[in-house]
Amino acid sequence: WTLRQLVAARDARLEADWWHTAQILCQTFNLNRGKGQPSRDAYKFHPFAKKPKSAARPATRSDLARLFGGKT
């Protein structure tokens, strides 16, 4: 294993651990929330997460050219 692979594996493990913790916190909050309070998702409890964009934009010809080296 190279150092880069080890760092990537460590980072992936830390991210997975944070998602696990955020999900447990989310479930605990939603089970104990008061009547009329809105529920929350795991993104609210994950300190480093960014909400995903609602919809991905379609790829343009320039995106494909950049991706495939100008051969579209």
Exercise: identify the closest heavy-atom pair between Arg57 and Asp63: NH1-OD2, 2.8 Å
Just to verify, which of Leu25, Leu31, Asn32 counts as forming a side-chain contact (heavy atoms from CB on, under 4.5 Å) with Thr28? Asn32
Relative to each other, are the rings of Phe48 and Trp18 parallel, tilted or perpendicular (30° and 60° limits)? perpendicular
Once the angle between the rings of Tyr43 and Trp19 is folded into 0 to 90°, is it parallel (under 30°), tilted (30 to 60°) or perpendicular (over 60°)? perpendicular
Do the side chain of Gln5 and the main chain of Thr2 share a donor and acceptor less than 3.5 angstrom apart? yes
Heavy-atom side-chain proximity of Lys44 to Cys26 below 4.5 angstrom: no
Note, Thr60 side chain near Arg66 side chain (heavy atom, < 4.5 Å): no
Enter the distance from His46:NE2 to Glu15:CD here, rounded to the nearest 0.5 Å. 5.5 Å
